[in-house]
Structures are given as C-alpha cells and as structure tokens.
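Everything numeric here is computed off the predicted structure, so don't read it as measured data.
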Protein chains: 2
Amino acid sequence: MTVGDQAPHRRVTIRDVAVAAGVSVATVSKVVNGRDGIAASTSARVMGVVDELGYETSLIASSMRKSRTQVIGVFVAEFEPFAQQLLQGVSYALRDTQYDILAYAGSVSAGDHAGWERRSLSRLGGTLVDGAIIVTPTVNLDETSVPIVAIDPHTGPTGPAVIDTDNFGGARMATEHLISLGHRRVAHLRGRTDLVSAQRREDGFRAAHADAGLAVDDTLIFDGGYRASLATRAIGEMLDRDDRPTAVFAANDMTALEVIRIATERGLRVPEDLSVIGFDDLPAAAGNRPGLTTIRQPLHEMGVSAVRLLLSMLDGGATEHIRMPAELVLRDTTRAPGASA
Amino acid sequence: MTVGDQAPHRRVTIRDVAVAAGVSVATVSKVVNGRDGIAASTSARVMGVVDELGYETSLIASSMRKSRTQVIGVFVAEFEPFAQQLLQGVSYALRDTQYDILAYAGSVSAGDHAGWERRSLSRLGGTLVDGAIIVTPTVNLDETSVPIVAIDPHTGPTGPAVIDTDNFGGARMATEHLISLGHRRVAHLRGRTDLVSAQRREDGFRAAHADAGLAVDDTLIFDGGYRASLATRAIGEMLDRDDRPTAVFAANDMTALEVIRIATERGLRVPEDLSVIGFDDLPAAAGNRPGLTTIRQPLHEMGVSAVRLLLSMLDGGATEHIRMPAELVLRDTTRAPGASA
DNA sequence: CTGTTAGCGCTTTCAC
DNA sequence: GTGAAAGCGCTAACAG
C-alpha cells in the first residue's frame, strides 16, 4: 500500500481555473456553461485557462445543482447478451443527440439481487441521469423521480411506459411451426415461472396446441428458469425419457442452446433426432452450429424505440406502451420428425 | 406505503430519514454506513425508517465525500460489438466482488469525438469511480486521478497498465494461412492507419510475405479504416480490378464482412472465387453465413484480465502489460484458389 | 453515543 | 459584468 499516497494527480477543479484566470469561481462557471452577461475578454481568458489546464466540469458535482445532465441511464441487472443487444440499439439511437449514455449494472454484488432496478434508480436517478431505460425489471416502478421506460418488464405492462414483444404470439408461432412440421410430442422448457413473459410463452405454447386440436402433455413441460445452468437437470430428464419428445420449444435461446448441448452429449442429432426452437434470437443463435431456429425479438429496434419514447417524454410527451412483433427465424434446428438422414 | 405522499416524487434524502427518525443527519449517515458508536436501539429505529421510506444513499452525493465508491468505470467510445464483448468479460469478472459496473459512452454527441477518454475520465474519475477500464483509447492517458487499465490502446502499450493482443503475430498468422492455401495475390484491407494496432497488422501481413519469400504488391493494399462504411469504396475498387486478388486479409471483422457483402453483390462466391479472413472474432463472424474465418482476440478473457489487474492495482499492486495470444479460427471463408466447385 | 460544523465541486440567485 | 453566498446530499472530524 505504499504506492502513490502522495495524491499525485488531483483533478483540476473549477477553483484552479478561477485562480489561474484571476476571476471568481462563479464567473468560470458562467463561461463554461455559456451563460451570457460575461465580457468577451474575460470569457476568452477563462477559456484559454480551461484549455491549458485541461479542465472538464465534473459531471457529479454539476449534477447536484443542475436539473439536466444530458445523460440517459440504462439500468440492467447484468451485461448479458440480451441486454447488450438492447444497449446497442439505445446507443445507435442516441448517436446524434446531445445525450451521453451511462449504463449501470447494479446487482453485481451478490446478496440483494432483487430490487436492483429500484436501487439503481435511487442511487443515480434524479441526479445523474435525466431519464432511464430499465431492462427487464422485475418489480413495479412507479413514483420515480425521472421519466423511465421499461423494456420487456417481467411483471407485465404495468408501468407507465413500456416496450415489449408479443410473447404470446411468438410462442404460439414457434409451437405452430413445430406442429406443422408434423411433431406431435413437443416439450416446452419454461422460463422463470414468476415472470409474465414466461407465462405468456407457455400460454402461447398451449394455444397452438389447442388451435391444432392437440392436447398438451403436461409431463412434457419442464422448468428451465431462462438460464442454461438452471435448465441442465430438467433437460436431462426430458431427454432420458423412454417416450422422448421429438421437438422442444425452449423459452429462450440460452436454454435452447443448452438443450442442443445436452442432446449432442447424449448422442442425439439435432435436428434429425430432435427439433429445437428458441426465443430471442441472440447473436449466439445465429452463431451456433447448427444455426438455432428461433423467435426473434427485435432487440435493436426495441432499444431505438425506448430512446425515442424516453426522449419524447423528456420533452413533455405522454407515456406509451409499444408492443413489438415477434418473428419466426428459420435456421437449421427444426425439421419433420423421423426424417432421419 | 403511505409515507410522504404529499410530496410529488422527490427522491427521499438522508434528511427525510433523519427527521422521521428524530435524529441528526449525521447519525443516519453513520447507521447507514455501518459505522460504530451508535446505540443499538437508535440504529434499529433508523433502519426501520430507512426501510419504510425506501431510502437509498445517493451514489453521487456520497461519492463527493467518500474516496471509495465501489464502482468500476468502463469507458468506451461507443457500445459496439467489440466493446460489448469486453464488457461481458468485465461483468463476469466483477460478479462476485463488491463492485458495481458503470459503463459510460461519452462521445455520443458528435463534434469532439476525439479525446472522449480524457473527457469521460475527467467527468467521472476520481469521484464516481474507484478505477477505470478504458476500451481502445486513442490518446495517452497518464496523470490520471484513479488507477486505469487500457484495453488494446490504439497508441500502443505506452500507458502504465495495458491489456492487448498480439496484433503482429495474429496478422502474420492470417496471411500465412492464406499463403499456405496457395494464394499468391492476397490483398490487405488496412485499419485506421493512425492507430498502432492497424500498423502492427499491416506489418504482420508484410512479414508473412517476407517469410514465404513473396513480394508484397503495394497496389493490393487498401484502406478500410476499421469501419464497414469507410471500406465500401476501397473494396469496390479492389474487386473491380482485372487482376483481382484471390484472397484478402481485412484488418477487422466488420470490414471483412463488408468484403463478403460487396463480393456477393458482384456475383463472386466466397470462398470459391475469393477467400476472406478477418480479425477479432466478433459474434458476427460466427453468425455470418458462410462463417467468417478470422483471427481471434480473446475479448472475454481480456475483460477478465483487465478487472483482475485493476483490482490488484486498487489494492496497491503494480501496473502490468499483458499481451494476449491471437488465434486462428477456421470457418468457411478461406480455401485454395481456383478450387471452384 | 449523538449532534454540530465543515466542506466535496459546482451552479445560481442576488447584491455590488 | 462580476463576485459573494447559499446550498445540492452526503460524510468526516470534532465537540459535547
């Protein structure tokens, strides 16, 4: 610990500039913020010192006094592929605006995993960010200090502004696809059952069966919890059954990929022996070999829409609920049953 | 939840808690921060109010007084795939620590694109974040107020702590691969020539030729600037030549993918008529059809290493320069010339 | 044990 | 035009 205890590089503050320019702190502030009522000569001198010293106003300090910071917050539980795709859309949409992006993953520390969205919001909202986009929040967010838009909230479209995907329709489409291929024993690997998105997907799965006049075999429904690690066991059981399903609709891509992994381990070929379809269309779905057939959520567009909506709200616009369409993306992991090579 | 509903949506501050608990602001602060020297009864009462009011300490305000915030900053120019892969590694490595991640893209607003790293650092460093990881900075960062580690700095390994990839070795490997396949007219689509990483890759390209006793045809070297949009024109020229190259080594995946796109547009088949190899191994490389053969930078691992190094520096450890190995990833876009189907 | 007093770096009245 | 003063929400001495 005997390193730089000397505090070698204190950041240059507004006071340093003021002293160097021979003016008051207040004057520097005005110059830097382009307020008028400052002599041109003074302004020029101060700017000179600013450049010379490399002064940058502290976002933190100024955010405590200002109302607008020109920063949009994106709060996520974790930087996983789903959130990242969204973030890319947000980033893209904010490119030509005056806003900076601050993405915060505030549930890193174990323990109170739940409520990360409320916590992040309290810690940064109202001060550091002008508005926030919250990715898959699992609690209701009302009475927030800044405008927020929730993307795919797991509690359903309850908050004021939300962007989500047609989970029910997408799931029905996935299941229909399997059924139309001729599959009659199709399993469903559910998501986190405490989340609406997972429930909607299960509903869609059932609806497709009903539409086709087929009965759902409830023993073919397994819990995958949206995470590969949580799904592994259930997948094993599913594939070890004597009357193994010929196809499976996994509630998201991560668990669908896990199905493929386990199936391959068991010596099963996908799609010859088992058809698999996922949900999300993460980059990993396209990157997998064989390419994962899945239901696409337009993540990028959702990020863009979230920005547009938030910006309009920041401008006094009304909240909205935007539902994006889901789309079937055919790749290589589904085919008719028994159509072995 | 019937507390202070008269107030609009002002965030609840430490003062609100103090008043409600009938103690001083300082006492609340001590309780919340677990300082000792507080009566158990007082502590309990305050905590009760905290829960009831849903108080969360403002990261901003406390960061102005505290030295440690338990937040690591990741500064990027933009949230593009390259940065995102890194971010995932960082996120992964920070999972089980007490640190939160704050990713900041501070060059969104057009204009002063350059110097974003310095700007972000000045605006957030020293106060909001305990340390920072900077992704592909293009300026030298010394005299910073907090420990930083640079990932793949485009100015070369000059800063105190840097993680980078063996650009020279990787480029040589890529070119060797093409040459060993039998290609004799191989083009190089350079990156941003003002950046060392791009220079190293060109050097590697030339070295591979020298090793094989081959001369480099300088007219086969084009500028791609690392961005698809900047490369389009040059690629057109390259492919419209009468003595079109049989293979091309693009300085990164984004431009390699653009080569494939343009080639396909021209009616050329990849790899039958043209072999293409990239650099980076972004998810898009694996996701592309045909899969892009490329040189892999272990982005995830680099993120992890950056965290480890930063954490150790935060703990008084010394700076380091870590060079990661590049690796050839064979997919579907390279094959022997003239081996048409 | 607890409250009072200073600020952190900045912006914003409001005098001069 | 410019500066002095009053905070923003919080923590860190220092008194009581």
Side-chain angles (χ1 to χ4, degrees), chain A residues 7 10-46 50 53-71 121-130 145-146, chain B residues 7 10-46 50 53-71 121-130 145-146:
Chain A
R10 211 176 48 78
R11 53 172 286 127
V12 10
T13 77
I14 196 173
R15 170 173 272 109
D16 300 326
V17 176
V19 171
V23 294
S24 77
V25 173
T27 300
V28 176
S29 175
K30 284 171 192 154
V31 171
V32 168
N33 290 289
R35 299 275 174 280
D36 41 32
I38 294 289
S41 61
T42 313
S43 182
R45 180 155 39 95
V46 171
V50 165
L53 263 43
Y55 169 74
E56 287 286 354
T57 143
S58 161
L59 179 58
I60 284 75
S62 68
S63 79
M64 285 190 65
R65 301 285 308 158
K66 285 219 262 234
S67 40
R68 303 289 294 246
T69 56
Q70 298 293 63
V71 176
L121 213 45
S122 306
R123 304 239 300 163
L124 303 177
T127 2
L128 229 207
V129 301
D130 289 345
S145 43
V146 292
Chain B
R10 212 176 47 77
R11 54 173 285 127
V12 11
T13 76
I14 197 173
R15 171 172 273 110
D16 300 328
V17 176
V19 171
V23 295
S24 75
V25 170
T27 300
V28 177
S29 175
K30 283 172 193 153
V31 171
V32 169
N33 290 290
R35 300 275 174 283
D36 41 32
I38 295 288
S41 61
T42 312
S43 180
R45 180 156 39 95
V46 171
V50 164
L53 263 41
Y55 169 74
E56 288 285 354
T57 145
S58 161
L59 180 57
I60 285 75
S62 68
S63 78
M64 285 191 65
R65 302 288 309 159
K66 286 221 266 230
S67 41
R68 302 290 292 246
T69 56
Q70 299 293 60
V71 177
L121 212 45
S122 306
R123 305 239 300 162
L124 303 178
T127 2
L128 230 207
V129 302
D130 289 345
S145 43
V146 292

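- Between the R68(A) side chain and the D130(A) main chain, no donor and acceptor come within less than 3.5 Å of each other.
- Between the side chain of R11(A) and the backbone N or O of Y55(A) there is no donor-acceptor pair closer than 3.5 Å.
- Over its full length, the helix from dC1(C)-dG16(D) to dC16(C)-dG1(D) turns its helical axis through 50°, comparing axes from the five pairs at each end and rounding to 10°.
- Scored by the side-chain contact (heavy atoms from CB on, under 4.5 Å) test, R35(B) finds K30(B), N33(B) as partners (sequence neighbours excluded).
- Between I60(B) and S63(A) there is a side-chain heavy-atom pair separated by less than 4.5 Å.
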Close N or O pairs between protein and nucleotides 12-16 of chain D (under 3.5 Å):
none

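- The residue among G22(B) and A61(B) whose nearest nucleotide of DNA chain C lies closer to the 5′ end is G22(B).
- Taking a heavy-atom distance under 4.0 Å as the criterion, the stretch of DNA chain C touched by chain B extends 5' to 3' from dC1(C) to dG9(C).
- In this structure, V12(A) and G54(A) approach most closely via the heavy-atom pair CG1-O, 4.3 Å.
- One atom, CG of L128(A), and another, P of dC8(D), lie 18 Å apart when rounded to the nearest Å.
- The separation between I14(A) atom CD1 and dA4(D) atom P is 14 Å, rounded to whole Å.
- Straight-line distance from the CD1 atom of I60(A) to the P atom of dC10(D): 15 Å, rounded to whole Å.
- For the residue pair A61(B) and S58(B), the shortest heavy atom distance occurs at N-OG, 3.2 Å.
- Among residues two or more places apart in sequence or in another chain, the side-chain contact (heavy atoms from CB on, under 4.5 Å) test is passed with A44(B) by none.
- Pairs engaging residues 14-27 of chain A under the salt bridge (charged side-chain N to carboxylate O under 4.0 Å, His left out) rule: R10(A)-D16(A) [sequence neighbours left out].
- Proximity of S58(B) to the phosphate of dC10(D): no side-chain N or O atom is located under 4.0 Å from OP1 or OP2.
- Smallest separation of non-hydrogen atoms from V71(A) and L128(A): CB-O, 3.7 Å.
- Scanning both residues, L59(A) and L124(B), for their nearest heavy atoms gives CD2-CD2, 3.5 Å.
- For T42(B) (side chain) and I38(B) (main-chain N/O), no donor-acceptor pair under 3.5 Å exists by modelled atom type.
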